[in-house]
Every structure is written in C-alpha cells, then in structure tokens.
> 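Dropping a structure here in structure tokens format, bear with me for questions.
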Amino acid sequence: MADAVERPDGPNVVENSENSVVLDAKGLRALAHPVRVQLVGLLRKYGPSTATRLAERLGVNSGTASYHLRQLGAAGFVEEDTERGNARERWWRSVHRTTWFNDPELAEQEPEAALAYQQSLAAIYGLRTQQTLNALQTMPRAWRNTFDMSDWSLRLTPEEAASLSRELTEVVARYRRDEPESAARAPEGAERVAVITQILPELDAPAASSLPTGPQEAEGSPTS
C-alpha cells in the first residue's frame, strides 16, 4: 500500500493534514481487509481507475472490487471521479496520499481490526519485495545496484527505538515524494522507489550468548 505509516505505539504525528488521514475506529475497521488496503494503495500509486481495471490488477472479480470500493467510499478513503465517469463506467480516486495509524489506545480498543490491518500491510510489503526480486535481473544495472535488503540486530530501550523511528522518518522526508506534482518536476532518470521501514521488537529472542556459534552472514548486508 502506498504511503501507509503504521505506528500504533509511536508519536502522534501527521505529515501533511491536507493529504493525510489518521485512522479512527471506523477507518480502521474499514481497512481491516487486505483487498481494501490494496485498492487504496493502487489508486494512490497509479491514479484514478475503474473497478474492472483494479480487479484485473488484484486478480479478483469486478463485483468484489466494486463492493470494497463502495465500502471505502462510505468510510471516506475513496470517492467517485465524476470528471472521468459516465453512465456505464464509474471511476474512483483516492481522497488522501497517506494513512497514519498512530493511536495506541485505538489499537487496544480495536485489537482484531488493528491486527487485520497490520497483517494486510505486512503481506503487501512482502509481495512488493517479491515483485521487485522477480524483475531485478531485467532492470538496468544502475537500478539493480540500488536494491537493498538489510537487517541489523540492535539492543534498545523503548525510548531509543522510538527515537530511531523518528530519525528514519526524518531522513525519508528529505527526499522527493512520489506524487503527480513531484513527478512533473523530477529530474531525468527519476523513477518510483519504495522505502519500507520496519522496527520489530523481539522480546522473546534468546540472548546472544545462547545462540549457536558458526558461520554467519555479515550483519546489515543485503540478503536475497
């Protein structure tokens, strides 16, 4: 999903109130379905579309896509694009560019919806990674060389982990967003790049001293 910021235990921040939506209980329940999360993401990524075209991208029937679009419309995430639509074909567009989930109390009040939304995001992030891997060998070398999958094991306090999250967000915010306006102003050679950050507490992980010894991959190195 394009520009979903999932931070239920982090600071209550919104990047741009005009183009962002902060999930409330109604919105969280509306997005507690993987098809709806993907529909919003596709409309943000590629612009207005019809249920039929969106259904083809997702591999579902158009009736399913239409139903979920109507539910998203009722929740305020998408709306009809009346300038494109006609009597035979309804076009839809996303209302926002970014979704923020940053209310820890809401996550506790709606645990099932919160988990469903988070699981949908995790599945979509995995799918996007796999799609890039599948296309990697046909990419120009310059772009192949930018591909990275790295992980680092850190030992942090909750406060340090929150600080790390804020710093990563600030770094990403310095770069050009993928929006229609920025695309027109982007320099030659600029393409869409997905940056996915994950901070995963591992509270039940064994201590380093209890781990088996042996050859290990260098920490932080790209894996594939």
Side-chain angles (χ1 to χ4, degrees), residues 1-8 14-103 106-107 110-132 134-135 177-183 191-198:
M1 176 179 182
D3 295 318
V5 182
E6 191 281 314
R7 192 178 296 154
V14 180
E15 183 181 85
N16 184 325
S17 60
E18 295 182 358
N19 294 320
S20 301
V21 56
V22 178
L23 292 184
D24 56 13
K26 177 182 177 182
L28 183 60
R29 289 192 294 268
L31 285 181
H33 194 290
V35 170
R36 295 180 193 171
V37 176
Q38 292 181 82
L39 285 170
V40 173
L42 288 174
L43 290 173
R44 290 177 179 176
K45 188 173 184 178
Y46 298 109
S49 188
T50 66
T52 299
R53 297 181 183 184
L54 292 167
E56 291 174 353
R57 285 186 176 272
L58 294 181
V60 300
N61 63 61
S62 59
T64 297
S66 294
Y67 169 77
H68 288 298
L69 284 167
R70 291 195 299 272
Q71 298 302 308
L72 289 168
F77 290 102
V78 304
E79 62 186 7
E80 282 193 64
D81 188 344
T82 55
E83 295 180 359
R84 298 173 185 263
N86 54 48
R88 298 180 55 187
E89 191 174 51
R90 296 176 74 182
W91 282 70
W92 298 87
R93 62 188 176 195
S94 176
V95 176
H96 312 95
R97 290 294 307 172
T98 307
T99 300
W100 289 83
F101 177 34
N102 54 10
D103 186 343
L106 176 59
E110 299 283 346
E112 294 183 2
L115 179 59
Y117 175 61
Q118 292 164 332
Q119 289 176 329
S120 295
L121 290 181
I124 292 169
Y125 294 159
L127 176 61
R128 294 175 72 176
T129 301
Q130 192 61 55
Q131 289 173 335
T132 298
N134 293 340
R177 294 295 299 271
D178 177 35
E179 298 174 342
E181 310 81 54
S182 63
E191 301 286 354
R192 179 181 291 114
V193 173
V195 178
I196 299 172
T197 65
Q198 296 177 324

> Can you name the closest pair of heavy atoms from Ser120 and Val37 and give their distance?
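Between these two residues, the closest heavy atoms are CB-CG2, 4.0 Å.
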
> At their closest point, which heavy atom of Ala75 faces which heavy atom of Lys26, and how far apart are they?
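So the two residues come closest at CA-CE, 4.1 Å.
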
> Does any part of the side chain of Leu43, heavy atoms only, come nearer than 4.5 Å to the side chain of Phe77, both counted from C-beta?
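When only atoms from C-beta onward are counted, Leu43 and Phe77 do not touch, as no gap falls below 4.5 Å.
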
> Any side-chain heavy-atom pair from Glu89 and Arg84 closer than 4.5 angstrom?
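No - every pair of side-chain heavy atoms lies 4.5 Å or more apart.
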
> Step by step, would you call Tyr117 with Leu23 a side-chain contact (heavy atoms from CB on, under 4.5 Å)?
CA-CA 11 Å; Tyr117 175 61; Leu23 292 184; 3.8 Å; yes

> The criterion is side chain to side chain donor-acceptor pair (under 3.5 Å); which residues satisfy it with Gln198, sequence neighbours excluded?
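For Gln198, no residue satisfies side chain to side chain donor-acceptor pair (under 3.5 Å) once neighbours in sequence are set aside.
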
> Quick one: CG on Asp178 to CZ on Arg97, what's the gap to the nearest 0.5 Å?
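Atom-to-atom, Asp178:CG and Arg97:CZ are 6.0 Å apart.
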
> Nearest 0.5 Å, what's the CG-OG1 distance between Leu127 and Thr132?
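Result: 9.5 Å between the selected atoms.
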
> For Glu79, what residues pass the side chain to side chain contact (heavy atoms under 4.5 Å, CB included) criterion, not counting sequence neighbours?
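For Glu79, the residues satisfying side chain to side chain contact (heavy atoms under 4.5 Å, CB included) (neighbours in sequence not counted) are Arg93, Val95.
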
> Are any non-hydrogen side-chain atoms of Thr99 and Phe101 less than 4.5 angstrom apart?
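Contact flag for Thr99/Phe101 side chains = no.
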
> Could you list the residues that satisfy side chain to side chain contact (heavy atoms under 4.5 Å, CB included) with Leu58, not counting sequence neighbours?
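Listed in chain order: Val35, Gln38, Leu39, Leu42, Val60.
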
> Suppose we screen for side chain to side chain donor-acceptor pair (under 3.5 Å). Which residues come up paired with Arg29, at least two apart in sequence or across chains?
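In terms of side chain to side chain donor-acceptor pair (under 3.5 Å), with neighbours along the sequence ignored, Arg29 is linked to Glu110.
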
> Which atom names give the shortest non-hydrogen contact between Leu72 and Ala30, and what distance separates them?
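Taking every non-hydrogen atom into account, CD2-O, 4.4 Å.
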
> Please lay out, stage by stage, how Trp92 and Arg53 fare under the test side-chain contact (heavy atoms from CB on, under 4.5 Å).
CA-CA 11 Å; Trp92 298 87; Arg53 297 181 183 184; over 6 Å; no

> Would you say that Asp103 contacts Leu28 through its side chain, given a criterion of any heavy-atom pair below 4.5 Å between the two side chains?
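When only atoms from C-beta onward are counted, Leu28 and Asp103 do not touch, as no gap falls below 4.5 Å.
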
> Tell me every residue that passes side chain to side chain contact (heavy atoms under 4.5 Å, CB included) with Ala135, counting only those two or more places apart in sequence or in another chain.
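Counting only residues at least two positions away or on another chain, Ala135 forms a side chain to side chain contact (heavy atoms under 4.5 Å, CB included) with Thr138, Met139.
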
> Side chain to side chain donor-acceptor pair (under 3.5 Å): which pairs involve residues 55-69, sequence neighbours left out?
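Only Arg36-His68, Asn61-Thr64 qualify under side chain to side chain donor-acceptor pair (under 3.5 Å).
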
